[in-house]
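Let me begin by presenting the structure, written as structure tokens, before commenting on it.
Order of the sequence lines fixes the chain letters, A, B, ..., with proteins taken first and strands second; residue numbering starts at 1 for each chain.
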Amino acid sequence: MLSTIQPPRCLSRIAVRGRTKSRSLHILSSAQSVTSASLIDHSQILSIRDSLLSRHLSAVQLTHSYLDRLKQTEPQIKSFLHVSDPDKVLKQAHEIDEKIKRNEEVGPLAGVLVAVKDNICTADMPSTGGSRILEGYRPPFDATAVKRLKNLGAIVVGKTNLDEFGMGSTTEASAFKVTANPWDLSRVPGGSSGGSAAAVSARQCVVSLGSDTGGSVRQPASFCGVVGLKPTYGRVSRFGLMAYASSLDVIGCLGSSVADTGILLHAISGHDTLDATSSKREVPDFTSQFTSASSLESRPLEGLRVGLIRETVDGGVDSGVKSAIQSAAAHLEQLGCILKEVSLPSFSLGLPAYYILASSESSSNLSRYDGVRYGSQASSDELNSLYKESRAKGFGPEVKMRILMGTYALSAGYYDAYYKRAQQVRTIIRKSFKAALDENDILISPAAPSAAYKIGEKKNDPLAMYAGDIMTVNVNMAGLPALVLPCGFVEGGAVGLPVGLQIIGAAFDEEKLLKVGHIFEQTLQGYNFVPPLDADGVFA
Amino acid sequence: MMASTLFRTIQIHPFLLYPTTLFRRRNGALYCTMKSTQTQTATQEKQQPSKVKVSQHTQSKTLDKIKRDYEAVIGIETHVQLSTLTKAFCSCPYNYGSQPNTSICPICMGLPGALPVLNSKVIEFAVKLGLALNCKLSLNSKFDRKQYFYPDLPKGYQISQFDIPIATGGYIDLDLPLEFGGGHRKFGITRVHMEEDAGKLLHSGNEDYSQVDLNRAGVPLLEIVSEPDMRTGIEAAEYAAELQRVVRYLGISNGNMQEGSLRCDVNVSIRPVGQLEFGTKVEIKNLNSFSSINRAIDFEISRQVLFHSQGQSDQIVQETRLWEEGAQKTVTMRKKEGLSDYRYFPEPDLPEVILSQVAEYFDATISSGADIKLAANWIMGDIAAYMKNEKLSINEIKLTPQELVELIASIKGGTISGKIGKEILFELLAKGGTVKGLIEEKDLVQIADPIEIGKMVDKVLSENPKQLGQYRGGKTKLQGFFAGQVMKLSKGKANPGLLNKILLEKLNAES
């Protein structure tokens, strides 16, 4: 009874082995699809488009299969804080089917089920940011990224769990629940976008949106064995993303393939008049970079200069992770890359500077949660106690700690020693990345110093938890794009725990990251990054 | 649009009072009512009978004598509400007196995920005022967050400017009215900075709660801080009046004090004549007219002088006092509890404010001696239009400020006509070169020789006998026709004034 799900290499089966056999959907294989999907392996989004347009599958059927699977796996995984009303979701799918029937245009994301991190606003759906203080809050508007996805035909399947307002690396700081890692239910999925990563990993949705302030898309992608893309700061509008640290925050993409994250990024990128920090740069068609494995040359990345960041494979990094990254580096060499080690001397400064800046900004950004206009409000007949009580009850301990740290760092007399100094460090980090990326096309590192850890393991040791962010925070400080994709396994769980490779590029050069990532993914042999969950969410 | 349901509800029932419940929710919008801790201070003041009774006639006589031994030091902070079509960071309009919470959106309500985007008119207005107040503009400026909690401040911080205000170091020149003794005064301007207004708390009359109206939240303000250069209530009132004239002339604000579009908070301290150090300063708010500024300051000076002269200068404490128009006196509003720490830091949601080099270009032009108004007209008019059409920045145009000066001078001095000036402007913008060179090269010097113009007039008259006959028969409108013909003949170079004068003489002379 306990059969595992096959890797959806060609979306061969979104195997839903439900309790009732009739519900299993053996959808399609690439042999049946004739257009783009066969050119770009792995992409669920393109496979879905093909099968819908070629009428092999209806959007309603597809949606049913995902909803069934979500229903079956959710009690164990707990990725979602809110699941959309199935009737509404199916109605949207039905409308797509009707359009296709009438030979009308459907958007490129028609029928694609997207999960959205709960700190990203969705109109008329709960958006809590994982915080009690916004319990029951429903925004009157969609975040720009969500709006763009909906305009292209995507269907929002639900809101995913996260550490409160994005502050954490495990989802344990969520006010509502702890999400489990689909590879080992006793482990964390990473965070803060743990729900979004777990949902993709467990195939509860096609792709998902996360947010990345210090690694919150990439580290959970690594822990859950999915692809996570952190775009360049300014590439994607932040309008509708609940601000944690405004100068570092960016909405990111999670998917089960590099191609899917690229397609998703393309959909949400570009200038937005509602976000003054969003870039006016043109958005290239990232998908044009993708080539089929069959048409690849023997050394498709010939001459590409790859710098392995020395400081990321030093001590303090799990040996299994280190060897997975070294194998990945060797694989890149086989593809033609010129590999060398580069040193970023400022690397270790990134973590303390990050925590000062992120906390400082968060102490300001979270001031608006005062119980006066929305969210939960303590009952009080005096102004100061209204503030105190609403915030004391509404925020969790991790958020309070960061508000305190940030308030301290911005206080008169401390500003220069903390905030200003951290900004200076940030400038140094930016420059050292610039220098390294002038000499190399891309930089690589692990996405995290270890694979997923046990739930509760680091809960009482915030410093150890913060240290886990060492691989990712520097990239946010420099505002650069980075792609994390699964590259191997370490011991742990039933079948091992996935390890993610981080590829860092120059600002606005997501195209290159996606190209390299896609080729890497196509040519990596012998790994299956689909967790061995059966339909009931139980381990095989 | 985004929050239509939410706001519609508010519009229908803007402020229902719920005496039994302090807080009420409708469609997710939360009305907040609360006890105010600050409105009670005025009554406290009343309970403690003041020792100062300046209104009594006998005392005021002696007081006048004592006052001569003291000097008042007065500085003014003015908030000017800008009359932009929309708020500073969102597209909501602002109209004074609208129903509460009818002009709000997710951005000015500070909803989660909303972001500010600067209305560029705010910078334009700030630059105008900065220049009008003779300030130095900061070409690289920025916004900062000023953080404090108050129910009328939806984000928990005010977007303002801290260490790099848009304009600094200016002054206001004015003449005091003769009935107040006359005399010229020059008051320094420390800084002008941009910020957003807060909402309003509506205090209920009898009940002990307040309500929040966010219509005003996010309305753009310019804060103008003066140097402590004023010495009397009259000087302060005249300073404010001049500021009102300036903002009205510039068209950046209606400057209406009753509506709060122009709000003055004054700082008053006194010191014995000859002392260099400042005394303890007291801030006065609620000044709704120039005369109340005048009277409040005079009252406050008397109050402080009396304390000082009676050896009770420790009774003068740093505090904010409220001017009570009815009682014609100031009363304690709140005592300062040390310096507030607003934890300013740069606003990460907004890019730096980089004034395009237009300001520099303008400065360079006028510092080379060009007529200021004409320079502004050329730069804001034809040059700006050219830059817009050609998608060029001011650094990319070929016309240098020096040549613009030359061009303006050539027109003003009558060397070339304004029309020709415009023609060569475009050549200068596109290709560069010098005004003199172009005038010579194209033989464009204006013809201002009456004899030469007279010859041309004669020629035109003799070539158009029919029209001449009609003119002399009464169709005097034909003067325009002849003027056009002469101008055409001169290739546009004839001095128009002279041309018309001579033409008219000749048209009428031989009749």
Measure Leu118(B) against the heavy atoms of chain A and call it side chain, backbone, both or neither at under 4.5 Å. neither

In terms of heavy-atom pairs under 4.5 Å with chain B, which of Asn119(A), Leu366(A), Thr407(A) leads? Thr407(A)

Of all of Ser411(A), Pro139(A), Cys121(A), Gly413(A), which one pairs up most often with chain B through heavy atoms under 4.5 Å apart? Ser411(A)

Quick one: are the ring centres of Tyr369(A) and Phe165(A) less than 6.0 Å apart? yes

Flag the pair Tyr374(A) / Tyr137(A) as yes when their ring centroid distance falls below 6.0 Å, and as no otherwise. yes

No-hydrogen, no-angle side-chain donor-acceptor test under 3.5 Å, Ser127(A) and Asp118(A): no

Measuring heavy-atom distances to chain A, does Tyr342(B) have an atom under 4.5 Å in its side chain, in its backbone, in both, or in neither? neither

Of Ala276(A), Ser360(A), Gly129(A), Ser364(A), the largest count of non-hydrogen pairs under 4.5 angstrom with chain B goes to Ser364(A)

Flag the one option from Gly240(A), Ala143(A), Ser247(A), Ser363(A) with the top tally of heavy-atom pairs under 4.5 Å to chain B. Gly240(A)

Please confirm whether Tyr415(A) and Phe345(B) have ring centers closer than 6.0 angstrom. no

Quick check on Lys388(A): does its NZ atom have over 12 non-hydrogen neighbours (other residues, nucleotides or ligands) under 6.0 Å away? no

